[in-house]
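Structure record follows, encoded as structure tokens.
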Amino acid sequence: MKEKILIVDDEPEIADLVALYLENEDFQVFKFYSAREALNCINNEKLDMAILDVMMPEMDGFQLCRKIRESHHYPVMMLTAKGEEIDKITGLTLGADDYMTKPFMPLELVARVKAQLRRYKRYNSGKDEPEEVLMHSGLVLNIKTHECMLNEKPLSLTPTEFSILRILCQNKGTVVSAEELFHQIWGDEYFSKSNNTITVHVRHLREKMGDSFEHPKYIKTVWGCGYKIEK
């Protein structure tokens with residue numbers, strides 16, 4: 001069965017180009033030129049991923065991402081023309097998993113889409129995981145169902161947030177660098193030392209868990225090294 005990808009961009013030439021490349025890779029594409037037109041598709045189709053432009057009239061990509069995260073956990077990629085750090089941080093904070101700055105190379109976008117989908121499939125299948133359930137101090141992660149509970153209350157996590165928490169729990173007591181987290185999650189070479197993607201996701205994860213940066217119960221920052229969860 002073809003994987004279903006939503007594309008929303010008010011620039012038809014961009015949306016058409018992305019759709020063409022993804023269709024050539026045998027994806028089923030749902031293409032819209034406005035966020036409001038895409039809402040019906042989001043509510044009625046079982047999508048595997050969404051690619052959203054940030055700057056759109058009436059409803060922008062940030063608002064649409066927030067709508068998606070109310071009910072869905074599939075990967076979301078943001079497209080931004082500005083290339084400003086604040087746009088990237090805002091998108092990641094709202095639950096996006098990746099971003100690309102326009103203009104971009106279509107083949108790089110396709111590669112990132114495939115990486116996101118591979119990761120998302122691993123969550124849902126539970127394959128290649130030594131344990132199906134990870135537990136730590138009131139935190140319970142079900143790898144097979146991609147569900148997370150904290151003190152018996154459900155936590156709604158994006159695929160990237162879930163991945164970070166899973167990797168840290170699987171390596172309890174060991175520091176995991178931001179570079180290692182990045183490569184384990186995305187499986188590609190897009191990381192650079194100036195990239196703060198992991199930092200933003202960890203911050204958002206702490207907020208959801210009610211974890212303190214100064215006196216963390218769960219995720220501890222080891223300056224100059226990375227992150228860890230104590231045994």
Side-chain angles (χ1 to χ4, degrees), residues 1 3-6 42-50 65-77 91-98 112-178 180-188 197-213 216-221 226-231:
M1 184 180 296
E3 290 163 307
K4 300 178 179 180
I5 301 181
L6 172 71
I42 291 168
N43 293 330
N44 294 288
E45 286 289 342
K46 188 175 180 180
L47 300 169
D48 296 289
M49 184 170 177
C65 180
R66 189 183 292 112
K67 285 279 187 185
I68 290 173
R69 283 290 173 250
E70 288 175 0
S71 308
H72 305 288
H73 295 291
Y74 52 74
V76 174
M77 177 187 290
L92 294 171
T93 300
L94 290 174
D97 299 280
D98 199 4
R112 291 199 187 194
V113 166
K114 289 181 176 179
Q116 290 286 343
L117 289 171
R118 282 195 303 270
R119 183 164 51 89
Y120 185 56
K121 280 183 177 180
R122 287 201 298 270
Y123 296 152
N124 292 324
S125 68
K127 295 179 180 178
D128 302 321
E129 300 293 347
E131 296 179 79
E132 288 190 356
V133 177
L134 301 172
M135 294 181 287
H136 174 73
S137 188
L139 181 66
V140 179
L141 281 81
N142 189 314
I143 306 301
K144 188 172 184 178
T145 63
H146 189 216
E147 293 175 320
C148 180
M149 304 285 289
L150 181 60
N151 298 324
E152 300 185 349
K153 295 182 179 180
L155 275 184
S156 179
L157 303 179
T158 68
T160 299
E161 291 164 358
F162 190 90
S163 263
I164 291 172
L165 207 50
R166 171 183 60 79
I167 294 167
L168 293 177
C169 283
Q170 288 173 333
N171 293 275
K172 278 191 292 187
T174 302
V175 177
V176 183
S177 69
E180 180 61 26
L181 282 169
F182 191 97
H183 290 307
Q184 283 200 46
I185 292 169
W186 279 280
D188 54 36
T197 301
I198 293 295
T199 303
V200 174
H201 283 301
V202 168
R203 186 180 66 195
H204 200 209
L205 189 53
R206 281 184 174 133
E207 291 172 357
K208 289 185 176 183
M209 298 174 70
D211 203 14
S212 167
F213 175 80
K217 181 178 180 182
Y218 297 101
I219 303 175
K220 179 180 179 180
T221 298
Y227 305 93
K228 73 173 179 177
I229 289 179
E230 300 283 7
K231 284 188 176 181

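What you see is a predicted model, and the numbers here were worked out from it, not measured in a lab. Values reported hereafter were calculated over all heavy atoms of this structure, with side chains retained and with hydrogens, waters and symmetry mates removed.
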Going by ring-ring contact (aromatic ring centres under 6.0 Å, His included), name the residues that satisfy it together with [X], two or more places apart in sequence or in a different chain.
{"X": "H204", "result": "none"}
{"X": "Y218", "result": "none"}
{"X": "H72", "result": "Y74"}

[X]: which residues meet the side chain to side chain donor-acceptor pair (under 3.5 Å) condition with it, sequence neighbours left out?
{"X": "N43", "value": "none"}
{"X": "R66", "value": "none"}
{"X": "E207", "value": "none"}
{"X": "K217", "value": "none"}

Query - Test salt bridge (Lys or Arg N to Asp or Glu O under 4.0 Å) applied to K220 - qualifying residues, sequence neighbours left out - result: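 For K220 the salt bridge (Lys or Arg N to Asp or Glu O under 4.0 Å) partners, ignoring immediate neighbours, are E230.
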Query raised in the report: For E3, what residues pass the salt bridge (Lys or Arg N to Asp or Glu O under 4.0 Å) criterion, not counting sequence neighbours?
Result: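 For E3 the salt bridge (Lys or Arg N to Asp or Glu O under 4.0 Å) partners, ignoring immediate neighbours, are K121.
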Donor-acceptor contact below 3.5 Å, side chain [X] vs main chain [Y]:
{"X": "D98", "Y": "M77", "value": "no"}
{"X": "E161", "Y": "T158", "value": "yes"}
{"X": "R206", "Y": "D211", "value": "no"}

Where [X] and [Y] come nearest, the two heavy atoms and their spacing:
{"X": "D48", "Y": "P75", "answer": "O-CD, 3.2 Å"}
{"X": "L141", "Y": "L139", "answer": "CD1-CG, 3.5 Å"}
{"X": "L181", "Y": "I198", "answer": "CD1-CG2, 3.8 Å"}

Report task. Tell me yes or no: between the side chains of R112 and Q116, is some donor less than 3.5 Å from an acceptor? Result ->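 Distance-only check fails for R112 and Q116.
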Query raised in the report: What residues, two or more places apart in sequence or in another chain, satisfy side chain to side chain contact (heavy atoms under 4.5 Å, CB included) together with S156?
Result: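 Listed in chain order: H73.
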Report task. Using side chain to side chain contact (heavy atoms under 4.5 Å, CB included) as the criterion, list what pairs up with T174, not counting sequence neighbours. Result ->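 Only N171 meet the side chain to side chain contact (heavy atoms under 4.5 Å, CB included) criterion with T174.
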